[in-house]
Amino acid sequence: MKLRLKIWRQDSATAQGMFKTYTLDNLEKGMSFLEMLDVLNQQLVTKGERPVVFDHDCREGICGTCGMMINGRAHGPIGGITTCQLHLRSFNDGDELTIEPFRAKAFPVIKDLKIDRSAFDRIIASGGYISASTGSAPEANSILIPHDVAESAFDSAACIGCGACVATCKNGSAALFTSAKISHLAKLPQGRAEARARVVKMVEQMDKEGFGHCTNTEACEAECPMGVSVLNIAQMNWEYNKALLLGA
Amino acid sequence: MSVINHDVIIVGAGLAGLRAAVEAAEYCDVAVISKLHPLRSHSGAAQGGICAALGNEEEDYPLWHAFDTVKGADYLGDQDAIEVMCNDAPRAIIEMEHFGVPFSRTKEGKIAQRPFGGHTRNFGEAPVRRACYAADRTGHVCLHTLYEQCIKRKVRFYSEYQVLDICETEGVVCGVVTYNIRTGEIDVFNSKAVMFATGGFGRAYKTTSNAHANTGDGLGIVMRHGIPLEDMEFVQFHPTGLYRLGILVTEGARGEGGVLRNASGERFMERYAPTVKDLAPRDMISRCMYQEVREGRGVGTAKDYISLDLTHLSLKQIETKLPEISTFAKIYLGVDPSKNPIPVQPTCHYAMGGIPTNVDGRVVTDEKNTVKIGFWAAGECACVSVHGANRLGTNSLLDLIVFGRRAGKDIVQFVRETKGKMPVQKDADKKVREKINNILSRTKGESVGKIRADLQQMMMDKVSVFRTEELLASACRDIKSLRERAKNAVVQDKGKEFNTDLLDAIELEFMIDYSQTIIEGAYHRKESRGAHAHEDYPKRDDANFMKHTLCLVDEGGHSEIKYKPVNMALAERNWEYREKFVAKERKY
């Protein structure tokens, strides 16, 4: 099959970016989207041009490295998958694809399709961990956790930190990412102790990083490859209000 | 040459590296260097679980776990290390729970456990529920949790830095030389302790379940410093990887009634294993699949895969019992398994061998286990050796958090006891700079991609699940010519930022070096044991080969093979269980 690719090219964080169009022939339907970019890069390098920089690693949808806007949608037209799981059979021969980096104020472009997601790291660093000491030689099962609670905490912990939620949100909000971490830890007894202090610090850091506010459009849940639920945002807001009322 | 200083440098940010960092950061200034962002490490892809004899679901003891591990390793595992790991497992799991891992739970709220291949009760009596898990995302949640714990302890991360060499002064390892992937700059780090947790090397094979980053660079680096690699010939293959991609299709597919078919639709396993058929052990099925392909009965235009047929199962059975397979096949191959068979191939999964270490993670350099001062290793890149000739499922994550922590503890003690820091040599980065300049200056030759593809194909054809004297001898010749070709490999991209072309060229050199140790180790091991199945020597030979291979390959491709004895602590101890740990035929 043949595809026309309109790809965002930007030399550096400060340089002016622009779209460039490339045409690829003889593509196979069974090829993955990233393999198609590999083919393009091989051709560019052979011609002495600079290859397109993009993030990827595991190519099986778990590492969270890859991510780009394809025809205006985070991770492309198919819901519930990451960019590496997208295949050319989802497109038609002769289609034109517009490929851009995830765009948000808090995710500056480093080069081409590669963005800086370190704002996520700083949100975690502000308090997204359990700091209670594990003590010495705890006996087995010292913490009993009801089955449903554990399942729910696990669902929150499914986030792979790809940033699709931010990219797809019209406000560039990181509410889904931040709330997933907050809920995961707040639901578990071992994380409950510091829940109030944690939510205040993490929400403050999120705001400081320049992410927008959540206005409940739920676009994030719709585009999240791991299906993380917006109920996490409700829990975050509830924890946050509680902390403000009762003190961190 | 600017030098960056830290007490401890850990290379690799998977579970082993992060667990060591958590331990060491309580007392010292720790930096973790990774070619990726830490959360993108391949430990995150582990699904099945992490085993420990907690006894939550039924009676279980670390001793039973140790027995299974020794037997699973086909008696090549070091028994002192296996005992340490199995005894420490319950503590390690509870600690992960306290750090915040959301393990799946039983009805009473305890950590849930499920059965896994090779794990049994009462010395092989029946399967036991020993694997703790967080649904099918065990590695992912463990990785994120340990990263959070590192952040909490203010570990310094250097992401997207590729380590290209270790610094050695007067025989002491005291730092690393890195290539900054973002800027193309070369930096030198100076530290009291260096730890390698650089992961596996599945990318040496054409079909693998490993990520793109798993190129095994650490293994190539240590050999340049005269440290041999241990038991490299033992590479685990999983029979059912998705065609071309290598992504795993769980054994459950065959457990539920799926069958393997060749091009003519024949259920060929009936011919090789008339009683167990499609439920034969992993290594055996992989070999039979390869045999079918070699004899021209592979499926597809290139006749290079096998069909995993689930079409005779009911749609309900597929959707309720095997939902993830159904999704995977649809996502990656566009195949609906209820209507069409799934194309599969054996896929390279896990490396049992690696950098030799003792139970404290200290790198050892010879058959007398002489310690290399200042240098530790843990995880898949290391060989303790708890997995011996064959790893049991769920023992890998355990290996990471147990020996990662032990290395961290040992490093803390070393840093505290060592007053000064050995300085790096003035021209520590010279070799790396010369190498990069040399690669960039080449103008005529083949592309790196072509040579790498040929290497991967050769390793798959001659040194994977089907090994013969003839194939291995021809692999020995092939690796020589690949080495020559790589000397002239041309890098098209001459830029500094994100020059993956250049990194591929450097990785290729390391890949050729350690691939040769796999080939030579396999060639000289004239027996079949665990993952090393040799058609010309189908029996295990304890009299001659109950020993670890140590193989060293230098820059010119000259190799040296030595052997060291297996630790048989449990079989030599004067106790009532002695007999259980003495080598015997591995039957299930």
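Since the structure is predicted, the reported quantities are computational estimates derived from the model, not experimental observations. Proteins get letters first, then strands, A, B, ... in listed order; numbering begins at 1 in each. Side-chain atoms are counted along with the backbone in the values below, which use heavy atoms only and exclude waters and symmetry mates.
Note that the CG atom of Asp121(A) and the CG atom of Leu39(B) stand 7.0 Å from one another [nearest 0.5 Å]. Note that OG of Ser104(B) and CD1 of Ile145(A) are 11.0 Å apart. Values are rounded to the nearest 0.5 Å. The line from CG of Leu86(A) to CD1 of Ile331(B) is 10.0 Å long, rounded to the nearest 0.5 Å. Distance check, rounded to the nearest 0.5 Å: NE2 of His147(A) to NZ of Lys107(B) gives 8.0 Å. A distance of 7.5 Å separates OG1 of Thr145(B) from CD1 of Ile130(A), quoted to the nearest 0.5 Å. Considering CG of Asp55(A) and CZ of Arg40(B), their distance stands at 7.5 Å, rounded to 0.5 Å.
Residues passing the side chain to side chain contact (heavy atoms under 4.5 Å, CB included) test with His87(A), sequence neighbours excluded: Ser32(A), Arg89(A), Tyr332(B). In this view, Ala193(A) satisfies the side chain to side chain contact (heavy atoms under 4.5 Å, CB included) rule with no residue, not counting sequence neighbours.
Side chains of Ile124(A) and Tyr147(B) form a contact here, defined as non-hydrogen atoms less than 4.5 Å apart. Counting heavy atoms from C-beta on, the side chains of Cys63(A) and His42(B) never come closer than 4.5 Å.
When each of Leu44(A), Ile110(A), Val45(A), Ile78(A) is checked for heavy-atom pairs under 4.5 Å with chain B, Val45(A) comes out on top. Taking chain B as the reference chain and counting heavy-atom pairs below 4.5 Å, the highest number among Pro146(A), Gly128(A), Gly80(A), Gly30(A) is found for Gly128(A). With respect to chain B, the highest number of heavy-atom pairs below 4.5 Å among Gln42(A), Glu49(A), Arg50(A), Glu60(A) belongs to Glu60(A). Ranked by heavy-atom pairs shorter than 4.5 Å toward chain A, the options Cys150(B), Ser159(B), Ala135(B) are led by Ala135(B).
With a 4.5 Å cut-off on non-hydrogen atoms, Asn214(B) does not touch chain A at all. No part of Lys35(B) comes within reach of chain A, as not one of its non-hydrogen atoms sits under 4.5 angstrom from that chain. Only the side chain of Glu35(A) comes within contact range of chain B, with at least one heavy atom under 4.5 Å from a heavy atom of that chain. Glu160(B) touches chain A through its side chain: at least one heavy atom from C-beta onward sits under 4.5 Å away, while N, CA, C and O do not. Contact annotation for Arg244(B): only side-chain heavy atoms (C-beta onward) come within less than 4.5 Å of a heavy atom of chain A. For Lys29(A), no part lies under 4.5 angstrom from a heavy atom of chain B. At a 4.5 Å heavy-atom cutoff, the contact between Ile247(B) and chain A is made by side-chain atoms alone. With a threshold of 4.5 angstrom between heavy atoms, Thr106(B) approaches chain A through N, CA, C or O but not through any side-chain atom. In this structure, chain A has a heavy atom under 4.5 Å from the backbone of Ser209(B), while its side chain stays farther away.
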Passes side chain to side chain contact (heavy atoms under 4.5 Å, CB included), Leu144(A) versus Lys110(B)? Steps please.
CA-CA 6 Å; Leu144(A) 290 178; Lys110(B) 295 178 180 179; 3.9 Å; yes

Walk me through it: do Met226(A) and Arg137(B) pass the test side chain to side chain contact (heavy atoms under 4.5 Å, CB included)?
CA-CA 11 Å; Met226(A) 308 312 283; Arg137(B) 294 270 181 269; 3.5 Å; yes

For His37(B) and Thr65(A), what are the C-alpha separation, side-chain angles and deciding distance, and is it a side chain to side chain contact (heavy atoms under 4.5 Å, CB included)?
CA-CA 8 Å; His37(B) 183 280; Thr65(A) 313; over 6 Å; no

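No salt bridge links Glu497(B) with Lys114(A); every basic N to acidic carboxylate O contact stays at or beyond 4.0 Å. One finds no salt bridge joining Arg105(B) and Glu151(A) here, because no Lys/Arg side-chain nitrogen approaches an Asp/Glu carboxylate oxygen to under 4.0 Å.
Lys206(B) NZ: 12 or fewer foreign heavy atoms inside a 6.0 Å radius.
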